[in-house]
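Right, one structure below, let's go through it.
All heavy atoms count here, side chains included; hydrogens, waters and symmetry mates do not. What you are looking at is a predicted structure, and each value in this text was computed from that prediction instead of being measured. Here is the naming used below: chain letters follow the sequence lines, and residue numbers restart at 1 for every chain.
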Amino acid sequence: MSFIPDFVRGSRSGLREAVDHRARRARDFVDETEPEALAVVTIVSLSLIAALVGFLLVSALTVVPISAFLVAVTYGWIRHQEVTARILTLTTTVSTLLILGLIIVFIFIESVPVIRYESATVFGVTVPGLRMFVETRWDAVSDPVRFSMVPMIHGTVMVTLIATAVAAPLGVSAALFLSEIAPPSVREIVKPGVEILAGIPSIVYGFIGFTILSPWASSQFRLTGQGTYLFVGVVVGLMALPTVVSVAEDALSSVPESIKSGSLAVGTTDWQTMTSITLPAAFSGVSAAVLLGVGRAIGETMAATVMLKGVPRLTDPLYNAFYGQETLTSIIARNYGDADGLQMDALFVAGVILFVTVLFISIGSQYVEWRMKRQFGGEV
Amino acid sequence: MATFGVGSRLGYVDTNPDRSAGLVAAVAAGIPWAVICGGAASELLGFGTVLAIVAGLLTGCLVSAATAFSREDIGSTVPLGALSIVTGLVFLTSVLGPEWVWSLGWEQPASLTAEFVIPIGTLLNAMFAGWAASKAYGGFGARGRHVGAYVLVYLNALSIVAFLFVLVAFTVVRGVPGLLNGAEFGLGVGPATTIELAGFGFTFVWPFSVPFVMNGVALLNDFQGVLPAIVGTIWLVVGAVLFAVPLGIGAAIFLTEYAEQGPFTQAVEIATNGLWSTPSIVFGLFGFAFLIPRFGNSKSLLAGMLTLGFMLLPLVLITSREAMISVPDEYRDASAALGVSKWQTIRSVVLPAALPGVVTGVILGVGRIAGETAPILLTMAGGTFVPGSQTADVIGGFGFVASPPFVTNPELLQATSALPYQLFALITAGVGLGDNVANPDEFRWATALVLLVVVLSFYAVGIATRYYFRRKLSYE
């Protein structure tokens, strides 16, 4: 029982130490810096904050603090380059964090009205937004107007599963090829090839899928209408492939050479070394690669938009991958134009779901990679 | 192949097999057999679905067990060889003829047709047979598995490169007719360009004329083109780079040179990686909610630039940070030993050393955002066909006014088209294009080709830069 208070006290004193440390450093900074430079720093920070506030409030006067900022920075650059450079780089770092924060705030704010509209009551408790996940009806026009996310989540899951089934084995095997098997000359051809594959715009994939694959699929499988999750999944898988390859290759080549040589010295074949030494050692890195590939597949928009039917409903039966209805990404791209009011907000809900899912995947894969780095002892 | 396996078992061929073919081979042999027998049970013998699944599973397990428990030379060749023979017989004897259709009987109808099943079946068979044959070639055992796996891995790498090649070649073949529609080569056929230098007007005439990339769309044009979209894409990229590169490099400098490695840098790192993997459509939504109300409440070039800049930022940050970390600490120490300040060290030692990595990262990042459609769909999109008169002229558009915000640029605040968006608009516009363009299909493919050329040239430049710097570094 005494563990918890100890822990709390410990973290509290740790926090206080950190705060003290910061305060001391700030005091040192103030003491060491010339008063004039300090004034410049103050003006720069104040004008930046004012500019940000002005921009958020949509004020035309935003230009005033911005010009104050520019003047202060120019003066500081000429007179106190050292301090100004430091403050500028700090500003850029903070603004990176700020952008992520703004994204979170704005897409959440926009999605609030529809979450409120789609409240459902369970056991007498009203849960906002619950109806979006228990019903399956999306209809923005005729009564009852409903914005269920279930069909789109189903679509995204289908596409992602198929895409992962394509990208994971092919990607990991290509990464093995690049990092372990290929002779240098072949590597020099295949590696840029994979990079260029990452560069082909998604709309080009979508266009080829739309003009070639979709009509072919609908005649092959005797489908009514065009658009199948199957082929969208395959195309999206090919698009996620380069991500998987490059991250997995990094992981595989970070396995220390000494481990591999040790295995080879015992008399194993290269392939045995790969399956029983290299792959298990790099397992967490490789799974991070697959996770990142999954994240890419979830977020892929344009190919899905042009290749799917655009009718939000569940396929029947649920595992019927031959029909492609709508995904979370494609419903945004398809409906943003004529949507307003609640429907637009519902699109933001789709955005929130995407953002949160992919953020978790990203954090998860970073954790896995971090663990792998620790496993090999510090710097790799 | 199966004969070879049996021969090896009976001692006619000299190999060194293991006791068992192993789990992988067992599963690999079991699955196709399960599918075939399950399919046969439900189709040919008329069993129900459940019974067919049971039959399939049973056969699959039997084959797996047979593979796993026999000696490796038998186990890895006979089941797969027999598989090839059976499939071949099925196709040849027209049990599964060209007319064969298996309706899945779902609410949304779908059927497996022979045109699909036969090529896929043949392909899979060839792969299995090739795998088993190469194992046999290696003489089974560890060596055999090594050869078998290498064949598959090589095949995979080869098919990825082949896929890339086919994709690009296909787009080129389909796009070139539309691109060269009405193109002329030779002296004096192109449009005239006048360059003014210190009062002297110097006019020269391009030696070629390619209307598709030099024209907009107009009623009286002989040949329609996508010039406004190309110019729009270029301005987008310029704007995004101007926004993201200073921010990204500045943040990278702070994180590697000034900040102590601790919770703060970790938080920034997690945030950048999160931004990097955020779906592009979410950036679009953000731009729609955040930027558009602040820039005159309409879709605009500026909003598109900034949205793409937000997307480019994490890429620039990550690559420049990697480049700066890889600058050896000796460089910094040597510079510091000369008594110069930290910022001077950064400016004259760290940045030049990290420049190759930064430049490559930026170029590859630009290649990625130049092809992005989803963000500009929500923040910038213009029309499907854009008249040549709407080609954005950003530099000429600046003006000054007396009231805040004092600087205006109507060009920046207007919707402009860009290549990826134009392609999307052409796809969704469907068949209604006929009035404007003689051959809409050709027009679309040509747009796709121009987009591909623009994006891939960024990549080519990026990769070439990397090779240039690498070679330079390794020779020094």
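- Contact annotation for A/L176: neither backbone nor side-chain heavy atoms come within less than 4.5 Å of a heavy atom of chain B.
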Let's go through A/I212 and B/R174 carefully: what are the C-alpha distance in whole Å and the side-chain angles of both, what is the deciding distance for side-chain contact (heavy atoms from CB on, under 4.5 Å) to 0.1 Å, and is it a yes or a no? CA-CA 12 Å; A/I212 313 286; B/R174 296 291 295 263; 4.1 Å; yes

Using side-chain contact (heavy atoms from CB on, under 4.5 Å), reason through B/I463 and A/I196 one step at a time and then give a plain yes or no. CA-CA 9 Å; B/I463 291 171; A/I196 289 175; 4.1 Å; yes

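- Of the listed residues A/P201, A/G206, A/G299, A/S202, the one with more heavy-atom pairs under 4.5 angstrom with chain B than any other is A/P201.
- With a threshold of 4.5 angstrom between heavy atoms, A/T305 approaches chain B through side-chain atoms but not through N, CA, C or O.
- A pairwise comparison of heavy atoms in A/R86 and B/F254 identifies O-CD1, 4.1 Å as the closest pair.
- Between chain B and the options A/F207, A/F106, A/W271, heavy-atom pairs under 4.5 Å are most frequent for A/F207.
- Between chain B and the options A/T243, A/I181, A/L100, A/L102, the largest number of non-hydrogen pairs under 4.5 Å is found for A/I181.
- The two residues A/T96 and B/A251 come nearest to each other via the heavy atoms OG1-CB, 4.1 Å.
- Interface residue B/P246: only backbone heavy atoms are found under 4.5 Å from chain A.
- Both the backbone and the side chain of B/P420 come within contact range of chain A, each with at least one heavy atom under 4.5 Å from a heavy atom of that chain.
- Here the closest non-hydrogen pair linking B/A448 and A/V204 is O-CG2, 4.3 Å.
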Report the C-alpha separation of B/S277 and A/I361 in whole Å, then their side-chain angles, then the decisive distance to 0.1 Å, and conclude whether the side-chain contact (heavy atoms from CB on, under 4.5 Å) test is met. CA-CA 9 Å; B/S277 46; A/I361 288 179; over 6 Å; no

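- Residue contact with chain B, scored on non-hydrogen atoms closer than 4.5 Å, involves the side chain of A/V306 exclusively.
- Across B/V455, B/L164, B/L451, a single residue satisfies side-chain contact (heavy atoms from CB on, under 4.5 Å) together with A/I200, and that is B/L164.
- Scanning all heavy atoms of the two residues, the minimum distance from B/S280 to A/T301 falls at OG-OG1, 4.1 Å.
- Between B/Y467 and A/P192, the closest heavy-atom pair is OH-CG, 3.9 Å.
- Of all non-hydrogen atoms in A/P183 and B/Y154, the two that sit nearest each other are CD-OH, 3.6 Å.
- Looking at A/F210, the atoms closer than 4.5 Å to chain B (heavy atoms on both sides) all sit in the side chain, from C-beta outward.
- Residue with the most contacts toward chain B among A/L97, A/L359, A/V94: A/L97 (heavy-atom pairs, distance under 4.5 Å).
- Contact annotation for A/T329: both backbone and side-chain heavy atoms come within less than 4.5 Å of a heavy atom of chain B.
- Relative ring orientation between A/Y205 and B/F163 is described as parallel, the plane-to-plane angle staying below 30° on a 0-90° scale split at 30° and 60°.
- Of the atoms belonging to A/L241, it is side-chain heavy atoms, and not backbone ones, that fall under 4.5 Å from chain B.
- Taken from OH in B/Y421 to CE in A/M302, the straight-line distance is 9.0 Å, to the nearest 0.5 Å.
- When heavy atoms are compared at a cutoff of 4.5 Å, B/F165 does not approach chain A at all.
- With a 4.5 angstrom heavy-atom cutoff, A/E300 does not touch chain B via any of its atoms.
- Both the backbone and the side chain of B/I270 come within less than 4.5 Å of a heavy atom of chain A.
- In this structure, no portion of A/T91 lies under 4.5 Å from any heavy atom of chain B.
- At a 4.5 Å heavy-atom cutoff, B/A252 makes no contact with chain A through either its backbone or its side chain.
- Contacts of B/F288 with chain A are made by side-chain atoms alone, with heavy-atom separations under 4.5 Å and no backbone atom involved.
- Of the two parts of A/L88, neither the backbone nor the side chain holds a non-hydrogen atom closer than 4.5 Å to a non-hydrogen atom of chain B.
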